[in-house]
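We're numbering straight along the sequence, starting at 1. Side-chain atoms are counted along with the backbone in the values below, which use heavy atoms only and exclude waters and symmetry mates.
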Amino acid sequence: MREDFESVIEERFKRPPYGGPSKVTSLDEAVRRFVRPGMTVHTGITQCFSYAAIYELIRRFWGKDPGFTLISLSARIHGITMIRGGMLKKIVSTFCGDVYPSPGPNPVSQKAYADGTVEFENWSVLSLSLRLKAAAMGLSCVTTNSILGSGMERDNAGSFAVADDPFQPGGKVGLLKALVPDVSLVHGIAADEYGNTLFTPPYAEGLWGAMAAREGAIVTVERLVSSDFIRRHSYFCKLPGSYVRSVSIAPYGAHPGGVKSFFVEGVESYAEDYDFAEEFRNVSRDEKKLDGWIRRWILDCKDFGEYIGRVGTEKITYLKDKAREDAWEREIAMRLDDIEPGEKHNETEWMIVAAARLLKRKIRGNGYRNLLAGLGMSNLAAWMAACDLKREGVEISLIAEIGFVNYDPRPADPFIFNHANIPTCAMTTDAFTALGAIVGGADNRCIGALAAAQVDKFGNINSTMIPHKLFLAGSGGSNDVISGAAESLLVVTHAKDRLVEKVPYVTGPGARARTLVTTLGVFEKPEGAEPFALTGYMAAPGKSREECIEAIAANCGWKVTVAGEPEAIEPPAADELRLLRLFDPDRRFLDELDGE
C-alpha cells in the first residue's frame, strides 16, 4: 500500500508543474494574430509602457486607417505617433501631450482636436483606472468622488452618472461605467512560457486593464524565466497566465521609458531616456521632421531589436548606469560648479519658495500628514517643503500619484516620476492607494500642491482644453487631488490668460483650493468664503506696496479684492535657493536668471 501512495506522490507532486501550452511567440506574430482594425486597444502602464509592442502595432497599421480606440492612462509618444499615422478614431485618456521635461500640449494632438479627426474622451487618473478595475471585476459600474463638478462630468454623461448616496442621506456619489478593452499591451520584467508575468512597483493603474480585456493581453518582457522562478517571486506576479494571449521577449522593451527591477536576479534596471523624449518633443513642432523621426525610429526598423540597435550600446550602458541608486550623486556632483550659489533670483524662484513656505505653515497648522506633489513648479515647492519639515522632525509623507509614498526626492532631476526617487519610498503602490485612499480617503490628512494651465477666482482649474479651440493636455491626477484632498495649494504663473474670470473648462472644481501662489503674489480664500482675495505680494525692490498691488491687479483676469493689510513676502534666502536649485540644476522649471 505504501508503494501505491508513493507512486501518486511521485506522479502528482514531484514533477514540474504544468501551467498550460507555451504562449511564447514573436511580436509581429502576436500583433498579426491578436490585433484587428476597429479594436479598442489598451496600452497599460505600471512604471512603464510596452513600447516594444506599441511600435510593432504602429509598424503594422501605419497609414491603414484601422480606426482604433486607444485607452491609455497617459498618451505620450505612442499616442501622438498613432494620431500622426491616422490610426485612431478616439482616445480615452487622462493626458495627451508631451510629458518631459514638463507636461504640455503637443501640436499633433492639438491639430487632431481642432479638425475633429480624433475624438478625445477625458478622465482623471483615478477615475479611468477605476473604470478598468470595474470591468475586470465584472461590475457594470463603480463609485467615485472624483469628476463631480468638473467638465468631465458633463462631457462623459454616457459613462458617468451622479446618484443619491443610499447610505448617506442627502449625499451624492459618482458612478463610473466599466470600461472594457478588446486587447491590452503590457510590459513586465519577466514571464514564464505560460504567461505568468512579474511586474515591479510603482504600479500606477495596475493590471486591471489587462485582466479586463476581452481578448487578453499581449505581453512583452525583459526575459523569459521558469515557472519555479515565477513562484520564487510570486509577490511580483500581478498578471496570471490565464489572462495572457502571447509572451514576447523584448529586452529594453520599455524604452524610452525605464524599468526598476527591484533586484530581481537576472533583470537589470535602466532609466528613462530623457534625451529621446525631448527629441520627440522638439521634432513634433515640424511635421516633416516628425515624419522623418518616425520613419527612422519605428517604421524603418524591422523589429524592436533593430530599434534597440539604433539606440546603441553606449546609450543603453548609460541608462543602466543612470538607474543605479547612487547615480544621482555623480549627476549632481557634475553640475555643482554651474549652479548659482547666491541670493540673486527670478520671479519663478520667488514663487516656488513662497509656495514651499506656505505649505510648511499649513502642514504644521492643520496637522496634515500627507503632501501630494503635483507637476513642475508645484512639485518643486512640495519637495522643498517636505525636505525642510522632515529635517525639523515634522511627520510628513510625500506622495506621487502613480504610487510613490513617503519618499525623499533626490537632487539633479526635477521630473515628478524620477526613478531615482523609487528606492527612497517607504511604500511603492498604485494610483488606487495613492489617490483613492491616502489623498482622498477616510483618514483625510492630505494637502495637494498643484499646477494648472488656468485658474479662476473660485479656484477652479483647467489643464484640459479651451473648448472648440485648443486642446491642452488633460487632468492627469489633478482632478482626483483637488476633489479628494482636504486642501490644495495652486502654483501658477501670474498672467491674464492664466488667471481668468472663469475657466472655460473645469478640469477640477475649486471648492477645496484654498491658496493660490503666483509670481507676483498670494491669494487666499477667507474661511468659509469665496472668491480668492489678495493676502500677500512679492515685495519687489524699489517698488511701493501700492505699485506691487497695482501690477498684480493689472495682470489678473478678475477684479482683485485686497484682504486687509496684505503681507509683504520676503525674497528667497540663499539657503532656500540652494536647495531649490539642487533639485533643478539644469533650470528646467526655474527659467534663466536675469542677465543670463
Side-chain angles (χ1 to χ4, degrees), residues 201-202 325-326 328-329 332 336 339 341 343 345 349-374 377-414 416-418 420-429 433-435 437-450 481 484-491 512 514-515 517 522 524 536 567 569-585:
E325 286 193 30
D326 61 352
W328 66 268
E329 297 184 44
I332 196 61
L336 288 179
I339 301 176
E343 295 185 11
H345 61 274
E349 292 174 319
W350 200 343
M351 172 179 65
I352 295 170
V353 168
R357 292 170 182 166
L358 282 167
L359 285 170
K360 289 188 290 184
R361 183 191 305 173
K362 288 176 176 292
I363 289 166
R364 291 192 194 97
N366 296 308
Y368 295 132
R369 292 292 176 264
N370 300 298
L371 170 57
L372 189 288
M377 294 175 290
S378 65
N379 185 46
L380 292 173
W383 284 7
M384 288 186 68
C387 282
D388 283 347
L389 289 169
K390 287 188 175 186
R391 185 181 62 175
E392 296 164 14
V394 177
E395 181 184 352
I396 189 67
S397 174
L398 193 62
I399 313 293
E401 64 187 40
I402 66 169
F404 295 18
V405 177
N406 198 359
Y407 70 96
D408 295 316
R410 302 294 85 188
D413 183 355
I416 182 174
F417 304 131
N418 175 8
N421 294 332
I422 294 177
T424 75
C425 292
M427 175 183 183
T428 46
T429 181
T433 303
L435 293 174
I438 298 175
V439 171
D443 185 21
N444 193 332
R445 291 188 289 174
C446 180
I447 182 170
L450 297 175
V481 178
E487 177 180 350
S488 285
L489 178 146
L490 310 177
V491 183
R512 297 184 184 183
R514 307 300 307 172
T515 308
V517 183
V522 173
E524 296 179 90
E567 174 190 0
I569 299 169
E570 294 298 320
D575 61 333
E576 292 174 312
L577 290 169
R578 283 193 287 268
L579 176 60
L580 175 58
R581 291 166 182 169
L582 284 171
F583 285 134
D584 188 8

- Heavy-atom side-chain contact between Val353 and Met384 under 4.5 Å: yes
- Query: Given side chains that start at C-beta, do those of Phe417 and Pro202 come closer than 4.5 Å, heavy atoms only?
  - Reply: no
- Asn370 side chain near Ser397 side chain, heavy-atom distance below 4.5 Å: yes
- Atom of Leu372, atom of Glu401 and distance for their closest heavy-atom approach: CD2-N, 4.1 Å
- Message: Could you check whether any side-chain heavy atom of Asn406 comes within less than 4.5 Å of a side-chain heavy atom of Lys390, counting everything from C-beta outward?
- Response: yes
- Task: State, yes or no, whether a side-chain contact exists between Asn421 and Leu398 at a heavy-atom distance under 4.5 Å.
- Result: no
- Could you tell me the separation between the CG atom of Leu359 and the CG atom of Leu489, rounded to the nearest 0.5 Å? 5.0 Å
- Query: Is there side-chain contact between Asn418 and Pro409, with at least one heavy-atom pair below 4.5 Å?
  - Reply: no
- Query: Backbone N or O of Gly367 within a donor-acceptor pair of the Arg445 side chain at under 3.5 Å?
  - Reply: no
- Closest non-hydrogen atoms of Asn444 and Ala486, given as atom of the first, atom of the second and distance, are OD1-N, 3.1 Å
- Message: Can you give me the closest heavy-atom contact between Ala381 and Ala356, atom names plus distance?
- Response: O-CB, 3.5 Å
- Between Arg357 and Glu570, is the closest basic N to carboxylate O distance under 4.0 Å? no
- Query: Quick one: does Leu450's side chain get under 4.5 Å of Val481's, heavy atoms only?
  - Reply: yes
- Main-chain N/O of Leu579 paired with Arg581 side-chain donor or acceptor, under 3.5 Å: no
- Can you find a heavy atom in the side chain of Thr515 that is under 4.5 Å from one in the side chain of Glu487? yes
